Amino acid sequence: MSHEATHDGHDDHGPAKGLMRWVTTTNHKDIGTLYLLFALVMFFIGGAMAMVIRAELFQPGLQVVDPQFFNSMTTVHALVMIFGAVMPAFTGLANWLIPMQIGAPDMALPRMNNFSFWILPFAFSLLLSTFFMEGGGPAGGWTIYPPLSLQMGDGFPFMIFAIHLAGISSIMGSINVVVTILNMRAPGMTLMKMPLFVWTWLITAYLLIATMPVLAGAVTMLLTDKFAATSFFSAAGGGDPVMYQHIFWFFGHPEVYILILPAFGIVSAIVPTFARKPLFGYSSMVYATASIAFLSFIVWAHHMFTVGMPVVGELFFMYATMMIAVPTGVKVFNWVSTMWKGSMTFETPMLFAIGFIMMFTLGGFSGLMLAIAPADFQYHDTYFVVAHFHYVLVTGAIYSIMAAAYYWLPKWTGNMYDETLGKWHFWISTISVNVLFFPQHFLGLAGMPRRIPDYAVQFADWNMISSIGGFVFGLSQLMFVVVIYKAIKGGKKATDQVWEGATGLEFEQLSSPPPYHSFNEAPVIK
Amino acid sequence: MRAFKNWLVAVVGATGLSAGSAFADYALNMREGVTATSQANYEIHMIIFWVCVAIGIVVFGAMIYSMIAHRKSKGAVAAQFHESTLMEIVWTVIPIVILISMAIPATKTLLAMEDTSNADMTIKVTGVQWKWKYDYVDGAAEGVSIISSLHPDHNEARLLKTGQTTESLRAQFGDQYLLDVDNPLVIPTGQKIRFLLTAADVIHAWWVPDLGWKKDAIPGFVNEAWTKVDKPGVYRGQCAELCGKDHGFMPIVVVAKDPADYAKWVESQKGAAADAAAAADRVWMKDELIAKGEKVYNTNCAACHQANGAGLPGAFPAIAGSAIANGAAAAHVDTVMNGRAGTAMAAYKSILNDVDMAAVLTFQRNSWGNSGSVIQPADIKAVR
Amino acid sequence: MSHSADSYYVPHGSHWPIVASVALTTSVVGAAMWFNGTGSGPMVMLLGLAMTFFMMYGWFGTTVRESLKGMYNEQVDRSFRQGMMWFIFSEVMFFAAFFGALFYARVLSVPWLLGEDVSTHLTLWSGFTETWPTNGPNNVGGEFQTMGAWGIPAINTLLLLTSGVTLTISHWALKAGDKSKTVLWLAATVALGAIFLGFQAYEYIHAYGDLNLTLGSGIYGSTFFMLTGFHGFHVTIGTVMLFVIMLRANKAHFTHENHFAFEAVAWYWHFVDVVWLGLFIFVYVL
Ligand code: HEA
Ligand code: HEA
Ligand code: CUA
Ligand SMILES: [Cu+2]
């Protein structure tokens, strides 16, 4: 008789023992932990590649790697960071938090949840294995534009299938999130009472389910163009290389909001806690998130202003893109108003959240500049773009993940993290990350294209500064690992509420750490 | 230590002082450029930049004020307000107004940029891994064709582990490292020039910052753009779309000459073209072909197949000792003329003329121990 | 059976997901090796697929057993339903990518090549005049003919539409608790699906053998075969699922109010049906 069939429903026993616990687990907290650890490992792998990039760009001339390998560093750095670090980290947070925040016993489809996670290590092993094949790793940029991407060697089908697998993982993960939120809320937890993290994830998951299959379609066409004689992206057969870009960015633009909406949710949880004041404009936050998600489907071609679209198309996409500043502005203004007249303290999560608001806004500003089509004819494919997206991704998405880790670590482990080390981590990171990415604005404006391993000497100084910032930023992330390790091992016990101003079911109704199975009895929602 | 000094200077520069002339070395801003387009773009860029700065001051100012004034350690007591429809409307409407006022000049500039009508002359630009080909489609220089690739000296200096440093490169090339070509594009000043951009293999993008735009060169499609330069000078740029291994080594140099100089240049080109045409009609000596072929090979083929003909295993096949270069001529000619669809091997039919084609083929067939036949320009003409 | 029906059933540990991950990875590694021309590729892929089937049998078997034991309350049932809905939505978006490619080519890129984009046409493809259907200016794949809409495709449309009706009749029968009628009409649906597939296979043979219409026939062949091919693949899966459901109905696995699996398959089948209508209109008729 199998275990599943005989198990009784009272769910009072703890986790199984040993390694198999992690391999076979269906518990949302275990799976959340797996996701988060996986994301951390991937962050370091992607970061190590970024260090290779910065080392090569430290000064002009080729010193470290040859150009082909440099291109594959750029490409795989981005793929690993986006699909391996940020997305799994958000999914891990969703796993840990959503059931606790809506008063559910677990995720809605626990076995599928395990499946979603365990595909990922396989997908990324496939991706990284291409480095050892003839022709090397993918080197056509993370956007894998044809015809260039079709020139890849033996690794090509492995890369494509790795993307398929990662996509399957995110689709299943997202279905789980949506179903959990729509079907598993405790009685009384109406939609408009849900914490914003839950709301933002609901909308993110919708974006994921709508766009990942499109990416899958796009890379499938690449695969058949290479191996099955199709002509989707070749003019000689009546296709068009630019068609790939449209399909890719139809996925790709919503994807960048996938990478930021959960971050908005996290910040909307942290700021009120440390301002000791309720979130300003809860409902407008919800509507703004929904508007951003809607707009994200009709702006994709702002990545393609220079491909030679008809001019009406350029105008349409410019206007639509500029519109996104409005709902995003609403969010920023609401956060500022939440802080206004609060009673603020500045523990590490709050520092990261404030860092997020400021530097994400900076990245948003440069995004808005990029949205101005004629000016983008100068900015496009320069380091100005690289600066833009690292501000929204590193000091945006990554900062929010760090804020979340500091904020909920005491809840997860039951132990307070080392506040002093946390503050050092924040300050060194924040200074170095600006030394790293701010000069890239100058480089881009001065004319340095992106994705090049070597450059003219007039770009030398800012590149050297940027590289030094990069090395410091990279090393300072080791502090983060130490903080996490120490908090897991022990430390001052956290109270159930953890933070003086914290609200929400996980802080009000669960112990720190919470029991292995949280809400077998649905909680009472006030 | 110069590096460290640079670093210090720059950090000071970045964190406080304005971008004054004291930091001329540290290019900070977009170039104004030399065309109406680039200047319009520069203006739009500055307006939107200052708009962002202003909004930033308001938003960050409010945040910082509140972080200082409303902290618990100063005894602040939290208010409990959490809604204001009025405020929500205000901060929805104001950004919309700002955005509309930005969209108007942007639309005007964009429409002007995309208007390629009434051009005085047309140049076709073809991106090829990793060089540019320019064909003068009409005008005085009609029929002139230029292949423009990274200057050989730079090409040598940029190889891996040649021990170059910022200083050595600056000493050798000044500001032009990687921004110099063997044959530049020459254009007349004061004329509206229409560009037709396309590519032979993968997507490239043609970008000269001083002209104010970049545009993708897409295989199988033609994009249009235009420029009108009034000031004679040399304007440099680079390929701006990832196009493979040597994407970083695909510079663009535009030399704008005043009409009189331009006419002289056209004359010299016409003379060269006539010589080339004559050359294509005569029978060449084997050694002659090999000598010429080596040059063609090094600028056009060596990036992939390597100077020693050994290729790069897994990516680019060896020519040395290959069956094709030692076998029948027809297959060899066909491969290079028409390329191999779906691989990095582009069709060189429209890139190399008869002499260059014959020369490079003969060179490949008779170098690195290969012992193939000689191919004459006339043979190429016959299969075109 | 001690599971109380009022609480949400959360399974404890399952080894099927890891088996599934290994199986999927083995399949795609095999496929990738095959594409690269590695001899053992197809074998590895078959091994992976075999593991996948084993996994599906085991995983679904477990849930079926649990369902029969009554461990799933109404809320669990709802999770399954919603999960299936969203899965189908993701499939819709997958097809949308290929329909998007078709529309983009027909509405934009082919007309550009044909002369609407004057400089492209004049400079590169001035000899190109053939409109849709086309295999492009290079006549990629050689001359070909297209599949008429009013022959087999029209019959196939009727077959699929009818199968939607038979499936619904079966569903009514299930709700009315009439087991034999349920099974009978399910069998009819399976048969219609199988006939559809037979016709499609015949059509493909005809296309390759007589019309020289292949996957390599330029953009027309690409969109034609990718759209109809992925659709046919989905019909195959749907037919297999219908068949399984038929066996289960025969074993009286479903009650008139608890038959999620039946409904999920029915939704899936209707989705496949609707996609076909899109195909019929945009690929064959227009
Ligand atoms: C988390 C990821 C993320 C986010 C959130 C954004 C947000 C935005 N992005 Fe960005 N973007 C990327 C990730 C992201 N981007 C990536 C990865 C690329 C490069 C991909 C590649 O090519 O590899 C890219 C590239 C990119 C381009 C293409 C550039 C090019 O290649 O030439 C453009 C062009 O329009 C753009 C625009 C924007 C805009 C308008 C926003 C807006 O959402 C920003 C809105 C926010 C604000 C404006 C700030 C707050 C608002 C206020 C305080 C209100 C008042 C403000 C005003 C009225 C000005 N982005
Ligand atoms: C979420 C996404 C994400 C994140 C987090 C990052 C993080 C970083 N990125 Fe990345 N990046 C992208 C997404 C991201 N990037 C994308 C989408 C592109 C475009 C790709 C393309 O063009 O196709 C890109 C491209 C890109 C470029 C341009 C390359 C080019 O155009 O050629 C550069 C160059 O500086 C860069 C640098 C960095 C650095 C220094 C970090 C740092 O923040 C990383 C810091 C982390 C670590 C360093 C790891 C932790 C520490 C250790 C491993 C300890 C050891 C440390 C040392 C040895 C010092 N990135
Ligand atoms: Cu050509 Cu980049
Ligand atoms: Cu975008």
Side-chain angles (χ1 to χ4, degrees), chain A residues 2-5 7-9 11 16 21 23-26 105-106 108-112 114-115 118-119 122 126 154 157-158 161 164-165 171 175 178-179 182-184 209-214 216-218 221 224 227-232 234-240 243 246-247 250 517 520, chain C residues 2-4 7-18 20-22 24-25 28-29 31-32 35-36 59 62 65-66 69 71 75 78-79 82-83 86-87 89-91 93-94 96-98 100-101 104-105 109-110 113 134-138 140-141 214-216 218-222 226:
Chain A
S2 83
H3 182 64
E4 288 97 342
H7 141 78
D8 73 12
D11 286 345
R21 161 186 175 186
V23 177
T24 63
T25 182
T26 47
D106 204 299
L109 303 161
R111 287 197 191 98
M112 193 171 83
N114 172 302
F115 188 23
W118 276 105
I119 298 184
F122 291 94
L126 274 192
D154 280 355
F158 292 90
F161 286 133
H164 277 131
L165 289 185
I171 291 172
I175 290 178
V178 178
V179 175
L182 294 182
N183 190 33
M184 306 281 286
I209 301 172
T211 59
M212 290 309 290
V214 176
M221 291 183 226
T224 57
F227 292 111
T230 58
S231 306
F232 287 107
S234 143
D240 183 351
M243 177 161 92
H246 282 287
I247 305 175
F250 181 83
H517 297 282
N520 282 324
Chain C
S2 54
H3 180 74
S4 51
S7 76
Y8 196 90
Y9 171 66
V10 179
H12 272 251
S14 167
H15 51 272
W16 291 119
I18 190 75
S21 303
V22 174
L24 262 189
T25 309
V28 297
V29 166
F35 282 134
N36 280 341
W59 189 332
T62 308
R65 271 194 302 283
E66 287 171 357
K69 290 218 159 99
M71 293 157 90
Q75 199 184 10
R78 228 168 22 238
S79 288
Q82 293 185 357
W86 288 99
F87 168 68
F89 174 58
S90 79
E91 290 266 51
M93 293 309 291
F94 183 74
F98 291 93
Y104 183 89
S109 67
V110 169
L113 290 169
T134 180
N135 54 359
N138 273 14
V140 172
T214 71
L215 199 49
I219 187 69
Y220 182 82
S222 309
M226 291 297 274

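Please read all numbers here as calculations on a predicted model, not as lab measurements. Every chain is numbered from 1 and lettered A, B, ... according to where its sequence line falls, protein lines coming before strand lines.
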Query raised in the report: Are the side chains of A:Asp240 and C:Tyr104 in touch, meaning some heavy atoms are under 4.5 Å apart?
Result: yes
**Report entry** Taking every non-hydrogen atom, the tightest pair across C:Tyr8 and A:Ala108
**Finding:** OH-O, 2.8 Å
Query raised in the report: With distance as the sole test, does C:Ser222 use its side chain to make a donor-acceptor pair with the main-chain N or O of A:Ser231 at under 3.5 Å?
Result: yes
Query raised in the report: Of all of A:Thr25, A:Leu109, A:Ile171, which one pairs up most often with chain C through heavy atoms under 4.5 Å apart?
Result: A:Leu109
**Report entry** Heavy-atom check, side chain of A:Trp118 versus side chain of C:Pro17, under 4.5 Å
**Finding:** no
Requested in this report: Side chain from CB out, backbone as N, CA, C, O: work out which of these in C:Ala20 comes under 4.5 Å of a heavy atom of chain A, or both, or neither.
Outcome: both
Requested in this report: Over all heavy atoms of both residues, which pair between A:Arg111 and C:Trp59 is shortest? Give the atoms and the distance, please.
Outcome: CB-CZ2, 3.5 Å
Query raised in the report: Looking only at heavy atoms, what is the nearest atom pair of A:Met243 and C:Ala105, with distance?
Result: SD-N, 4.4 Å
Report summary line: If you tally heavy-atom pairs under 4.5 Å between each of C:Pro137, C:Gly216, C:Ser109 and chain A, the highest tally belongs to C:Pro137
Report task. Could you have a look at A:Ile209, A:Leu126, A:Val214 and say which one has the most heavy-atom pairs with chain C under 4.5 angstrom? Result -> A:Ile209
Report summary line: dist C:Gln82:CD -> A:Met184:CE (nearest 0.5 Å) comes out at 10.5 Å
Report summary line: Smallest heavy-atom separation, A:Gly217 atom then C:Ala97 atom, equals CA-CB, 4.2 Å
**Report entry** Heavy-atom pairs under 4.5 Å with chain C, option from A:Pro213, A:Ala229, A:Ala218, A:Gly239 with the top count
**Finding:** A:Pro213
Report summary line: Most heavy-atom pairs under 4.5 Å with chain A, out of C:Val22, C:Val140, C:Val28, belong to C:Val28
Query raised in the report: Under a 4.5 Å cut-off applied to non-hydrogen side-chain atoms, are C:Ile219 and A:Phe232 in contact?
Result: yes
Requested in this report: Identify the heavy atoms of C:Val10 and A:Pro105 that sit nearest to each other, and give their distance.
Outcome: CG2-CB, 4.5 Å
Query raised in the report: If you count heavy-atom pairs under 4.5 Å with chain A, which of C:Ala101, C:Ser21, C:Gly218 comes out on top?
Result: C:Ser21
Report task. Would you check, one step at a time, whether the test side-chain contact (heavy atoms from CB on, under 4.5 Å) holds for C:Ser90 with A:Met212? Result -> CA-CA 8 Å; C:Ser90 79; A:Met212 290 309 290; over 6 Å; no
**Report entry** CG-CZ distance between C:Leu24 and A:Phe161, expressed to the nearest 0.5 angstrom
**Finding:** 11.0 Å
Report summary line: Tightest non-hydrogen contact, residues A:Pro157 and C:Asn36, listed as CG-OD1, 3.6 Å
Query - Proximity breakdown for A:His164 and chain C, heavy-atom pairs closer than 4.5 Å - result: neither
Report task. Give, as side chain, backbone, both or neither, the part of C:Leu215 having an atom under 4.5 angstrom from any heavy atom of chain A. Result -> both
Report summary line: Whatever's closer than 4.5 Å to a heavy atom in chain C on A:Thr224 counts as side chain
Query - C:Phe98 side chain near A:Ile247 side chain, heavy-atom distance below 4.5 Å - result: no
Report task. Report the option among A:Val178, A:Leu182, A:Asp154 that has the most heavy-atom pairs separated by less than 4.5 Å from atoms of chain C. Result -> A:Asp154
Query - Flag, side chain of A:Asn183 to backbone of C:Gln75, donor-acceptor distance under 3.5 Å - result: yes
